[in-house]
Amino acid sequence: MTEQELLRRESLAKLKELGVDPYPAEMYEVTGYAADIVANYQEEVLEDGTKNRLNYQQVALAGRVMATREAGKALFMNLQDTTGRIQLYLRKEEINGGDENSPMFDTVVKKLLDLGDYIGVKGFAFRTKTGEVSIHVQEFKFLSKALRPLPIVKRDAEGNIYDAFTDPEARYRMRYVDLTVNPDFRQIFIKRAKLVKTIRTFLDDLGLLEVETPILQPIHGGAAARPFTTHHNTLDTTLYMRIANELYLKRLIVGGFDGVYEFAKMFRNEGMDRTHNPEFTALEFYVAYKDYNWMMDITEQMLEKVARALDPDGGSTVQVGDRTIEFAGPYRRLTMFDAIQEYTGINVETASEDELRAYCKKVHIEVDNSMGKAKLIDEIFGEKVEASLIQPTFLIDYPVEMSPLTKIHRSKPGLVERFELFVNGKEVANAYTELNDPIDQRERFEDQLRLAERGDEEAMALDEDFLRALEYGMPPTAGIGFGIDRLTMLFTGQQSIQEVLFFPQMRPEKNV
RNA sequence: GAUCUCGUAGCUCAGUCGGUAGAGCACUUGACUUUUAAUCAAGGAGUCAUGGGUUCGAGUCCCAUCGAGAUCACCA
């Protein structure tokens, strides 16, 4: 144990000796919050120059002590509660209750109270000489003693931060410390919650039903990815953590729910980097009797709502670095082929597979001979177009080979009715007119099986029960999936997925 | 999975050519009844990520391991 930890344990023992309970059980009634009081405290100056305090004259706050400034027989503290910080002012005579021999001020407050301790205070609001709204404390109570020292982050009047707690490893492993000493990061998670809430309200208002579907699945369908595998003891069977929930949501459409949505944790056993965490959150929703054109309209409406909800002034734009992204629709709609034509000059419709392969080699895109024309098109798009799509853009009409769950295009042979939404050069949504022809779906699954036999670990598994469901009849349906983490990154200007997850996955810690 | 960079006090960081481990904040003791990055005086605090190697001598050079970050590959 470090010196400071030992000292805090000694303080704890001394508190108990003095009859102070460092961890009281009873509730503490809070009647005021730092941010409210700082924002709303009022006083009037009378004709004789004296001040008349108008509100918060009997208030109880609770929070952590984040700084102390001793001034002889007085003491200032910064108290941090869930809303922010406020200064406390304590005077010896009051804390001691008039008893000269009381240990409360000199021992309990000045010596045994440490930074990071939770306390409750009762008193009245006032404004100090220097103009800071503060609480004049008349009663104070230990609520919880901290046995480890917090990193001390200081901030001056201009807002400059000193000794910031910045080590990403420490911040992510000890998010509780990060959230305590870096209140700015709290805003990211508050915005995330608001984003989810805005979407939920939007979808509820559309008349969709929020549902839950299995996370433990006997067949990992609905996406191309490697799953986590687990085992159920009683059933003695292999189960997979879901990589997608799409096939379950469509079963509910078959069952007669015309619109369903789910905020769903997905699990993919793949690499981790600043845009990938092994578990992440997707929003998927499916609406009967609609198609992908309708879904594009709805996406525009939904994202504009989100942008306005998160913007302090209700605006529809988001600033990402030096780029201003406009979320009010309509968004540009560009076919994949037109996009490639525009950014590379290649007409992929007329180009042969060999010509595309030759182009890839020329511009140093890695290719191998197993790649068919569709895969080459996808590579060229990813390499040459994707990063250029800054303003929200629907990329539409994909080759059928890449989209085993998507309905064949109503007029363009070889393509499917699919779109992906790109913003700031990154994909944020993937949607299609759902394939509801059970015979076509079976053939697409069989194509996937052939890919799996050739060693494609991410090929989609054939789900007989899902096909049985389609054979009972699924209405024409539009569906979409959003990456909620990435959407949050976009709306909060974060470069790393770890900044929008409270507890990003880390390698196990050796010595805690 | 590959490459590069990093790991020194509770936090943020210095540490030269290989020669006794440093600073600010935090902490301890003292002063101070409106301070606010409080101030002033004094003091304590380190398995230099871990393990090996080279050397008279390693925080520093070499190797391995662990952890993190960035870039790339794959994916959402």
Side-chain angles (χ1 to χ4, degrees), chain A residues 1-8 10-11 66-78 85-95 105 110-111 114-116 126-134 136 146-174 177-178 181-182 223-226 243-244 266-284 366 378-379 382 420-421 426-430 457-458 481-487 489 495-498 504 506-511:
Chain A
M1 233 182 283
T2 66
E3 184 190 27
Q4 292 193 47
E5 288 174 87
L6 289 168
L7 284 164
R8 281 166 182 250
E10 284 171 23
S11 299
M66 298 302 285
T68 59
R69 292 177 292 282
E70 292 181 19
K73 296 186 177 64
L75 175 62
F76 294 91
M77 293 181 189
N78 291 342
R85 291 190 182 191
I86 190 167
Q87 177 167 264
L88 307 180
Y89 175 56
L90 291 80
R91 295 165 67 109
K92 179 172 179 172
E93 61 203 23
E94 288 170 291
I95 298 302
F105 188 78
K110 284 180 84 167
K111 288 212 163 47
D114 294 304
L115 298 188
F126 74 112
R127 199 181 285 278
T128 63
K129 259 187 203 167
T130 51
E132 179 155 350
V133 175
S134 308
H136 188 124
L147 295 181
R148 290 175 186 255
L150 286 169
I152 303 297
V153 180
K154 296 202 172 188
R155 196 181 287 249
D156 67 18
E158 281 81 49
N160 299 310
I161 294 174
Y162 302 83
D163 299 330
F165 178 59
T166 52
D167 175 20
E169 179 174 2
R171 286 186 47 231
Y172 303 149
R173 286 196 196 280
M174 297 189 288
V177 173
D178 183 38
V181 305
N182 293 328
R226 292 212 303 276
I243 56 172
M266 307 293 184
F267 306 86
R268 298 193 182 174
N269 205 342
E270 292 172 343
M272 294 160 55
D273 60 28
R274 70 178 205 293
T275 56
H276 296 84
N277 195 66
E279 56 183 290
F280 64 99
T281 303
L283 160 71
E284 300 220 354
E366 273 187 45
D378 193 51
E379 290 289 323
E420 291 187 308
L421 175 64
K426 296 184 183 77
E427 182 200 334
V428 302
N430 180 20
E457 282 185 82
E458 295 185 339
F482 287 87
I484 291 297
D485 311 281
R486 291 186 178 178
L487 214 50
M489 289 166 66
Q495 303 299 311
S496 167
I497 197 169
Q498 297 171 110
M506 303 285 276
R507 284 196 161 77
E509 202 172 356
K510 271 262 172 62
N511 300 304

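All values reported here derive from a predicted model rather than from experimental measurement. Per chain, numbering begins at 1; letters A, B, ... match sequence-line order.
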Open item on the list: Without decimals, in angstroms, what is the distance between A:L88 CG and B:A38 P?
Closed with: 14 Å
Open item on the list: Measure CD/A:E70 against C1'/B:U39 and give the value in whole Å, please.
Closed with: 12 Å
Task: Residue A:L115, side-chain atoms from C-beta onward, closest of B:A37, B:U33, B:C27 - done: B:C27
Open item on the list: Please report the distance separating the C1' of B:U60 from the corresponding atom of B:U20, rounded so that it comes out in whole Å.
Closed with: 15 Å
Open item on the list: Using side-chain heavy atoms (C-beta onward) and a distance below 4.5 Å, is A:E284 in contact with A:M266?
Closed with: yes
Open item on the list: Between A:K92 and A:R8, which residue's closest nucleotide on RNA chain B lies nearer the 5′ terminus?
Closed with: A:R8
Task: All ring-ring contact (aromatic ring centres under 6.0 Å, His included) counterparts of A:F76, not counting sequence neighbours - done: A:Y89
TODO: Could you tell me whether the side chain of A:Q87 has a donor or acceptor atom within less than 3.5 Å of a complementary atom in the base of B:U35?
DONE: yes
Task: Candidates B:C11, B:A68, B:U33 - which lies nearest the side chain of A:R91 - done: B:U33
TODO: Give A:N269 one of three labels, base, sugar-phosphate or nothing, depending on what nucleic acid heavy atoms sit under 4.0 Å from its own.
DONE: nothing
Open item on the list: Between B:A21 and B:C4, how far apart are the two P atoms, rounded to whole Å?
Closed with: 32 Å
Task: Nucleotide of B:U35, B:A26, B:G44 approaching A:S134 most closely (side-chain heavy atoms) - done: B:U35
Open item on the list: Between B:G52 and B:G44, how many Å separate the two P atoms, rounded to a whole number?
Closed with: 32 Å
TODO: Using the C1' atom on both, measure B:C32 against B:C13 and round to a whole Å.
DONE: 32 Å
Under 3.5 Å donor-acceptor pairs involving side-chain atoms of residues 161-170 of chain A, not counting sequence neighbours:
unit_1	atom_1	unit_2	atom_2	d
A:Y162	OH	A:D156	OD2	2.6
A:D167	OD1	A:E169	N	3.4
A:E169	OE2	A:R173	NE	3.1
A:E169	OE2	A:R173	NH2	3.3

Task: Same-atom distance (C1') from B:G24 to B:U71, integer angstrom - done: 34 Å
Open item on the list: For a quick check of understanding: with a heavy-atom distance under 4.0 Å over all strands, which category does A:F482 fall into, base, sugar-phosphate or nothing?
Closed with: nothing
- [ ] Just compare B:U35, B:G10, B:A37 and give me whichever is closest to any side-chain atom of A:K154.
- [x] B:A37
TODO: Would you kindly check whether a donor in the side chain of A:N160 faces an acceptor in the base of B:A37, or vice versa, at under 3.5 angstrom?
DONE: no
Open item on the list: Across nucleotides 1-9 of chain B, 5' to 3', mark each nucleotide with B, S or - according to how protein heavy atoms within less than 4.0 Å reach it.
Closed with: ---------
- [ ] Report the distance from atom OH of A:Y172 to atom P of B:G67, rounded to the nearest whole Å.
- [x] 18 Å
Open item on the list: Just to be sure I understand the rule, does A:R173 reach a base, reach only the sugar-phosphate, or reach nothing, if contact means heavy atoms closer than 4.0 Å?
Closed with: sugar-phosphate
Task: Nearest-nucleotide pick for A:K111, side chain only, options being B:U33, B:G69, B:U29 - done: B:U29
Open item on the list: Once you apply a heavy-atom cut-off of 4.0 Å, does A:D167 come out as touching a base, just sugar-phosphate, or nothing?
Closed with: sugar-phosphate
Open item on the list: Any N or O donor-acceptor pair under 3.5 Å from the base of B:U35 to the side chain of A:T128?
Closed with: yes
- [ ] Find which nucleotide of RNA chain B each of A:K73 and A:R155 is nearest to by heavy atoms, and output the residue with the more 5' nucleotide.
- [x] A:K73
Task: Closest nucleotide among B:U12, B:U35, B:C25 to the A:F165 side chain - done: B:U12
Task: Short side-chain N/O contact from A:R274 to OP1 or OP2 of B:U71, under 4.0 Å - done: yes
- [ ] Kindly say whether A:I243 contributes a backbone atom to a donor-acceptor pair with the side chain of A:R268 at under 3.5 angstrom?
- [x] yes
TODO: Round to a whole Å and report the spacing from CG of A:D273 to C1' of B:C72.
DONE: 10 Å
Under 3.5 Å, N/O pairs linking protein and nucleotides 22-24 of chain B:
unit_1	atom_1	unit_2	atom_2	d
B:G24	N2	A:D163	OD1	3.0
B:G24	N2	A:D163	OD2	3.2

- [ ] Would you kindly give the CD1-to-P distance between A:I243 and B:C74, to the nearest whole Å?
- [x] 18 Å
Open item on the list: Rounded to whole Å, please give me the gap between CZ in A:R148 and C1' in B:C27.
Closed with: 16 Å
TODO: Convert the base pairs of RNA chain B into dot-bracket notation, remembering that pairs crossing earlier ones are written with [ ] and that bases paired across to another strand are shown as |; include only Watson-Crick or G-U pairs under 3.5 Å.
DONE: (((((((..((((.....[..)))).(((((.......))))).....(((((..]....))))))))))))....
Open item on the list: Any donor-acceptor pair under 3.5 Å linking the side-chain atoms of A:E132 with those of A:S134?
Closed with: no
TODO: Measure the distance between the ring centre of A:F76 and the centre of the six-membered base ring of B:A38, then answer whether it is under 5.5 Å with planes under 30°.
DONE: no
- [ ] Starting at atom CZ of A:R69, determine the distance to atom C1' of B:A26, rounded to an integer number of angstrom.
- [x] 15 Å
Open item on the list: Whether the side chain of A:E169 and the base of B:G67 hold a donor-acceptor pair under 3.5 Å is what I'd like checked.
Closed with: no
TODO: Grab the CE-C1' distance between A:M1 and B:G46 for me, whole Å please.
DONE: 18 Å
Open item on the list: What's the gap between B:U8 and B:G43 when it is taken at their C1' atoms, as a whole Å value?
Closed with: 22 Å
Task: Interatomic distance at C1', B:A70 relative to B:A31, whole Å - done: 50 Å
TODO: Have a look at A:M266 and say if it touches a base, only the backbone sugar-phosphate, or nothing, with a 4.0 Å heavy-atom cut-off.
DONE: nothing
- [ ] Assign A:Q498 to base, sugar-phosphate, or nothing according to its heavy-atom contacts below 4.0 angstrom with the strands shown.
- [x] sugar-phosphate
- [ ] Take atom C1' in B:G22 and the same atom in B:U29, then report the distance between them in whole Å.
- [x] 23 Å
Open item on the list: Over all strands shown, is A:E132 touching base, sugar-phosphate only, or nothing at heavy-atom distances under 4.0 angstrom?
Closed with: base
Open item on the list: Going by the rule side-chain hydrogen bond (donor to acceptor under 3.5 Å, both in side chains), which residues pair with A:N269 if we only count those two or more places apart in sequence or in a different chain?
Closed with: none
Open item on the list: Any base atoms under 4.0 Å from A:E5, or only sugar-phosphate, or nothing? Heavy atoms, all strands.
Closed with: nothing
- [ ] With the side chain of A:L7 defined as its heavy atoms from C-beta on, choose the nearest nucleotide among B:U28, B:G69, B:U34.
- [x] B:U28
